[in-house]
Amino acid sequence: MATRYDPQAAEPRWRDAWAETDLFRTKTPAEAGDAPKAYVLEMFPYPSGRLHMGHVRNYAMGDVVARHRRAKGYNVLHPMGWDAFGLPAENAAMERGIDPGKWTYANIDAMRAQFRKLGLSLDWSREFATCDPDYYGAQQALFLKFLEKGLVYRKASKVNWDPVDNTVLANEQVIDGRGWRSGAVVEQRELTQWFFRITAYADDLLTEVQKLERWPEKVRTMQANWIGKSEGLQMTFHFAGPAPAGFEAGIDVFTTRPDTLFGASFVALSPDHPLVVQMAEKSEELKAFRAKCAQIGTSEEAIEKAEKLGLDTGLTVAHPFIEGATLPVWVANFVLMGYGTGAIFGCPAHDQRDIEFARKFGLSVTPVVLPPDTDPAEFRVDDKAYTGPGRIFNSGFLDGLAIDEAKRVAIARIEAAGQGKGAINYRLRDWGFSRQRYWGCPIPIIYCDDCGAVPAPMDSLPVRLPENVSFEKPGNPLEHHPTWKNVDCPKCGKAARRETDTLDTFVDSSWYYARFASIRDPAERAYWLPVDQYIGGVEHAVLHLLYSRAFARAMRDVGELDLPAGEPFAGLFTQGMVTHETYKSADGKWLEPDAVEKRDGAWVETATGAPVEAGAIEKMSKSKKNTVDPDGIVATYGADVARWFMLSDSPPERDVEWTQSGVEGAGRFAQRVWSLADSLSDAPYPAPGEDAASLDLRRVSHRAAKAIDKAIEDFRFNSAIASIYEWVNALKKAEQSDGLLGARAEAISMLARCLTPFMPHLAESVWERIGGKGLVSAAAWPEAEAALITDDTITLAVQVNGKRRGEISVAKDLGNDAVEAAAKALPEVEAFIAGKDVKKTIVVPGRIVNIVVA
RNA sequence: GCCUCUGUGGUGGAAUGGUAGACGCGGCGGAUUCAAAAUCCGCUUCCGCAAGGAGUGCCGGUUCGAGUCCGGCCAGAGGCACCA
């Protein structure tokens, strides 16, 4: 009597069995012996309190890799923890009066329970949350070591201020002029902040990212662009007339186009340039101009319009190469204080911004780069700057040189004159990581009126967050706490104050991977790192992944970490999102998938029967109400089915659309697999037969095992799953033939092992049903027998003039001449070559025959 | 504007330069059933009765052979963006 597989009964039973044997606890290096190590890590979650489908997909992928590696004999580290600091906890405190810590730990408990139901092969003994005092205390120690090494410093600067979240944001956290979390338009404020000197590693971060072969090309380019290296010249323009006080030396500019110096027609300063700030004190006109520039702000719209504003300062500077020539000095809104020196020279003929500026304000335009095959007399620049290749002209000693050569010569001339130097500039800025929030890692600094900023003593760590804070007042609760900030100066003992800023939560996630590796034994850090396979969303391509790479270098420089090339993540995979169709009622309200159904081919609201418009397929989000709750899916279909469907439908790097029918298909498949095992008699089974049918089935099995193995290695989980489907279909068919029991039993034993990474619970049930030894989660990957994955006879396609006309079956090692003859003898081929002149025949052994006729 | 990626049936997607459309979803047909559900089996790129022809966003090239390589376009997605 056929039985059905019941995931609700089976899944908890197997999870208990894994827990009892502590199956996924990593071995120590000594226990592991010769086994290679594999550190498989998925980006750890923020404990929002609820799992979503994106989590299921992310962690299902990681689990496939971890379980596969384990089966292949690796000592696997596959940990889980919580990125637990952050604003949502404070928002909950404000809205509902709950303590952020209690709220967070309750969420962690809820999510851990959900995670456990997924059957992930995690080593829970290494679990921690970033809000654990142990963790953030260690982080404070790191901060102090960085400070000592000069990698952390404090300075006053203009910062991005989020008026809704009441905190500073890093440049990386400002998206289109808005806060990445709040969406509020970001303001500029002058504040004293702690900075991480990420620019110290700019060059290394750029060089090494190019070498990360197991990272997606996309992420590598994104990081390279973000770092933004420019090589050029930094030089000084001397004033032609009397220099303003304090600027006797002249004006420094940075340029990547020293070859176009002869085409310079003006120098432009940023409205925030110190010289402009100084002059504005005595000039109402300049003051007004600065205000006007500041107004435009950084909003998307403002930059889109990009109207060029300018004001002539009346100052002039001397041209470095042309005796007696002078250039006017302007203030221009398009010159940014934060990049280079905050001043440029403008060469309108060969820079689009400069030409727009020059045309608007009537400045001269001198072309100095002549495009190839162009008559100098014919060459004009109107409103479009010429930025292509060519030869230098109108340029004295640079005439006739190619652009690159001219750059070198110009730089050499400026250097010889002592007026400047070849220089490299980066777009990357230091990371301001102070945040004016409560729920974060306290910065271990004490301010003393006499001693200044004093590091908290190492033995006073962790500097703990106070409990019983009030969220009544806006602003930083630590600032408002009655006693917490009052401490004595560690140096002089006088009354002093704690730093009330906390660290950006991106600091917490910049080194957690190292904590997992060393939480049991500090000596294991070197054994486990780097992470062999890191998996997460592409939205972290710049922020988290860049910070982590920089942190790994900083940790190396303070003796905390020793990594080849400084890289923490040897392999990176960025998975796509989970999407779902959206539904809208006639009055424009979003409807949940559960509230609608299809009747007679049209979508209607289940409750009312009112028509529903099925809309775009978008990322699951609460606002569009197109989310599907993993708990419900797990309760209905089981964790295996949810995992399977997440991986089956799309390549892992692409988005996958969640569909009801797809999940049902996955559920059907699970039953089908069960039926294969269920239809076998009880073990023991005979050895596979030697007959042709048995051999055929064995070939299918051994080839499938190999194909699945390879596809998992290559992160082609959807292809691995397709191979499993084919295999199962073949096994289903084999049920109808007699005498295949041995081959079928062998196949199902192999299938159980190949299925384990994807559907671990079902695989255990199948394994148990066929009398497998121990747990299949602990079993080795089935090795394909070489003799069974090669064929004696092969099928070759036969083409005439590149078009397929038939196929032949021949012995594998048949000679080319014989193959050719067999191909030509095919009736369907003969029809196409009869009476024609066969010019040549290409025989690709094992592949194809192509007969070329006139 | 610059950079990166992606374009294949009704649909998600397979194809080391070698039989395009594996596998899933959907659809159609059949078996089983009193009937249904479940399950099982088959068919399913387009045109054509067929022989055959066409076909991987568009145009061209390399090759015996191109979805795949090269050049030029078009469209969509993502990233960066007044970065000198």
Side-chain angles (χ1 to χ4, degrees), chain A residues 2 4 175-176 216-226 228-230 232-233 253-257 260 268 270 296 300 302-309 332-336 338-347 351-354 356-357 387 425-429 538-539 541-542 617 644-645 648-651 653-657 659-666 668-669 671-672 675 711 716 718-729 732-733 735-736 795-807 831 839-844 846-853:
Chain A
R4 282 183 67 79
I175 293 148
D176 293 335
E217 188 61 42
K218 181 166 88 170
V219 175
R220 287 155 53 176
T221 3
M222 277 167 73
Q223 291 216 356
N225 291 342
W226 189 266
K229 183 179 185 172
S230 300
L233 167 69
V253 306
F254 174 74
T255 179
T256 56
R257 294 299 300 271
T260 64
S270 162
I296 293 181
E300 196 175 1
I303 291 171
E304 200 72 31
K305 286 182 193 154
E307 196 200 346
K308 297 277 180 292
L309 301 178
N333 66 330
F334 68 91
V335 182
L336 308 174
Y339 186 78
T341 60
I344 61 157
F345 82 79
C347 175
D351 183 287
Q352 191 54 35
R353 291 156 309 185
D354 295 349
E356 286 168 23
F357 193 76
T387 55
N425 250 294
Y426 296 94
R427 213 188 73 106
L428 186 70
R429 315 287 160 76
V538 73
E539 66 272 20
V542 175
I617 294 155
W644 180 262
F645 177 62
S648 67
D649 237 29
S650 293
E653 68 277 11
R654 277 201 228 171
D655 291 352
V656 66
E657 188 197 348
T659 59
Q660 187 57 30
S661 53
V663 179
E664 284 164 11
R668 270 200 300 276
F669 170 77
Q671 293 300 338
R672 205 167 149 85
S675 77
R716 293 182 297 113
N718 56 326
S719 294
I721 284 175
S723 297
I724 296 178
Y725 270 114
E726 275 182 275
W727 188 9
V728 167
N729 288 344
K732 202 70 200 167
K733 212 165 262 173
E735 282 181 355
Q736 291 158 8
T795 305
L796 294 180
V798 182
Q799 298 182 331
V800 178
N801 284 350
K803 283 205 192 310
R804 181 183 177 278
R805 297 298 178 188
E807 59 182 40
K839 295 181 90 172
K840 70 175 164 183
T841 304
I842 291 116
V843 178
V844 185
R847 291 259 174 232
I848 204 160
V849 182
N850 190 11
I851 300 162
V852 185
V853 298

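In the text below, chain A, chain B and the rest are named by the order of the sequence lines, each starting its count at 1. Excluded from the calculations below are hydrogen atoms, water molecules and symmetry mates; all remaining heavy atoms, backbone and side chain alike, are included.
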Looking only at atom P, what distance separates B/C41 and B/C25, rounded to whole Å?
12 Å
Where the side chain of A/Arg654 is defined as all heavy atoms beyond and including C-beta, which of B/G7, B/C80, B/G42 is the nearest nucleotide?
B/G7
Would you classify A/Arg805 as touching base, sugar-phosphate or nothing, given that sugar-phosphate means primed atoms plus P, OP1 and OP2, and contacts are heavy atoms under 4.0 Å?
sugar-phosphate
Rounding to an integer number of angstrom, what distance separates B/G30 and B/G9 when you compare their C1' atoms?
24 Å
Interatomic spacing from OG in A/Ser230 to CZ in A/Arg257 - rounded to 0.5 Å:
12.5 Å
Closest-nucleotide 5' rank along RNA chain B - winner of A/Gly340 and A/Pro651
A/Pro651
Whole-Å P distance, B/G72 and B/A22
34 Å
Is A/Lys840 near enough to B/C64 that one of its side-chain N or O atoms lies under 4.0 angstrom from OP1 or OP2?
yes
d(CG, A/Asp655; P, B/U6) in whole Å
14 Å
Heavy-atom pair with the smallest gap, counting every atom of A/Thr260 and A/Phe345
OG1-CZ, 3.9 Å
Dump the pairs, protein N or O against N or O of nucleotides 17-23 of chain B, anything under 3.5 Å, distances to one decimal.
from, atom 1, to, atom 2, distance (Å)
B/U19, O2, A/Arg804, NE, 2.6
B/U19, O2, A/Arg804, NH2, 3.0
B/U19, N3, A/Glu807, OE1, 3.4
B/A22, O2', A/Glu726, OE1, 3.3
B/A22, O2', A/Glu726, OE2, 3.2

Whole-Å distance, A/Glu735 CD to B/C41 C1', equals 13 Å
If I pick the C1' atom on B/G12 and the same atom on B/U6, what distance separates them, to the nearest angstrom?
15 Å
At 4.0 Å (heavy atoms only), tell me whether A/Ser648 reaches a base, stays on the sugar-phosphate, or touches nothing.
nothing
Position toward the 5' end of RNA chain B (nearest nucleotide), A/Arg257 or A/Lys732:
A/Lys732
Distance, rounded to the nearest Å, where A/Gln671 contributes CD and B/G24 contributes P
17 Å
Side chains of A/Arg672 and A/Asn729 only: does a donor on one sit below 3.5 Å from an acceptor on the other?
yes
Sugar-phosphate, base or nothing in reach of A/Gly665, heavy atoms under 4.0 Å:
sugar-phosphate
Point-to-point distance, once rounded to the nearest 0.5 Å, from OH of A/Tyr725 to NZ of A/Lys732
14.0 Å
Quick one: does A/Asn801's side chain have a donor or acceptor within less than 3.5 Å of a partner on A/Val853's backbone?
yes
Indicate, yes or no, whether a donor-acceptor pair under 3.5 Å links the base of B/C82 to the side chain of A/Lys308.
yes
Looking at A/Leu309, is its backbone amide N or carbonyl O close enough to the side chain of A/Asn333 to form a donor-acceptor pair, meaning the two atoms are under 3.5 Å apart?
yes
Hey, does A/Ser230 reach any base, or is it just sugar-phosphate, or nothing, if we go heavy atoms under 4.0 Å?
sugar-phosphate
Residue A/Thr221, side-chain heavy atoms: nucleotide from B/G26, B/U4, B/C40 that is nearest
B/U4
Side-chain atoms of A/Arg716 come closest, of B/A15, B/A81, B/A84, to B/A15
Of the candidate nucleotides B/A54, B/A84, B/C25, which contains the atom at the shortest distance from the side chain of A/Tyr339?
B/A84
Which nucleotide wins on minimum distance to the side chain of A/Lys803, given the candidates B/C80, B/A54, B/C82?
B/A54
Just checking A/Lys839: base, sugar-phosphate only, or nothing, at a heavy-atom cut-off of under 4.0 Å?
nothing
Send over the distance from A/Gln352 CD to B/A84 P, rounded to a whole Å.
15 Å
Contact class for A/Val253 vs. all strands (heavy atom < 4.0 Å): base, sugar-phosphate, or nothing?
nothing
Check the orientation of A/Phe334 and A/Phe357. Use parallel for under 30°, tilted for 30 to 60°, and perpendicular for over 60°.
perpendicular
Integer angstrom distance from the C1' of B/C5 to that of B/G18:
27 Å
Check whether A/Asp354 reaches the backbone of A/Cys347 with its side chain - one donor and one acceptor, N or O, closer than 3.5 Å.
yes
Taking the side chain from A/Thr841 and the backbone from A/Ile851, do they hold a donor-acceptor pair closer than 3.5 Å?
no
Rounding to a whole Å, what distance do you find between A/Asp649:CG and B/A14:C1'?
13 Å
Taking the same atom, P, in B/G13 and in B/A81, what whole-Å distance lies between them?
30 Å
Gap between atoms CD1 and C1', on A/Ile617 and B/A77 respectively (whole Å)
14 Å
C1' atom, B/C80 versus B/A15: distance in rounded Å?
35 Å
Please state how far atom CZ in A/Arg4 lies from atom C1' in B/U39, giving the value in whole angstrom units.
9 Å
For the pair A/Ile721 and A/Phe669, evaluate side chain to side chain contact (heavy atoms under 4.5 Å, CB included) and give the outcome as yes or no after the intermediate values.
CA-CA 11 Å; A/Ile721 284 175; A/Phe669 170 77; over 6 Å; no
Determine the contact category for A/Pro216: base if any of its heavy atoms lies under 4.0 Å from a base atom, sugar-phosphate if only primed atoms, P, OP1 or OP2 are that close, otherwise nothing.
nothing
Separation of atom CD in A/Glu664 from atom C1' in B/A37, rounded to whole Å:
13 Å
Determine whether more than 12 heavy atoms belonging to other residues, nucleotides or ligands lie under 6.0 Å from atom NZ of A/Lys229.
yes
Pairs counted as Watson-Crick or G-U wobble with both distances under 3.5 Å: what dot-bracket string results for RNA chain B, using | for bases tied to another strand?
(((((((..(((.....[....)))((((((.......))))))(((....)))..(((((..]....))))))))))))....
Which listed nucleotide (B/C82, B/C41, B/C25) is nearest to the side chain of A/Arg672?
B/C41
For the side chain of A/Arg804 and the backbone of A/Gly802, is there at least one donor-acceptor N/O pair under 3.5 Å apart?
no
Please give the distance between the C1' atoms of B/C43 and B/G57 as a whole number of Å.
30 Å
How should the glycosidic conformation of B/G9 be described, syn or anti, under the criterion that syn lies within 90° of 0?
syn
Which nucleotide wins on minimum distance to the side chain of A/Gln736, given the candidates B/C40, B/A38, B/C3?
B/C40
Check whether any side-chain N or O of A/Ser650 sits under 3.5 Å from a backbone N or O of A/Asp655 as a donor-acceptor pair, and report yes or no.
yes
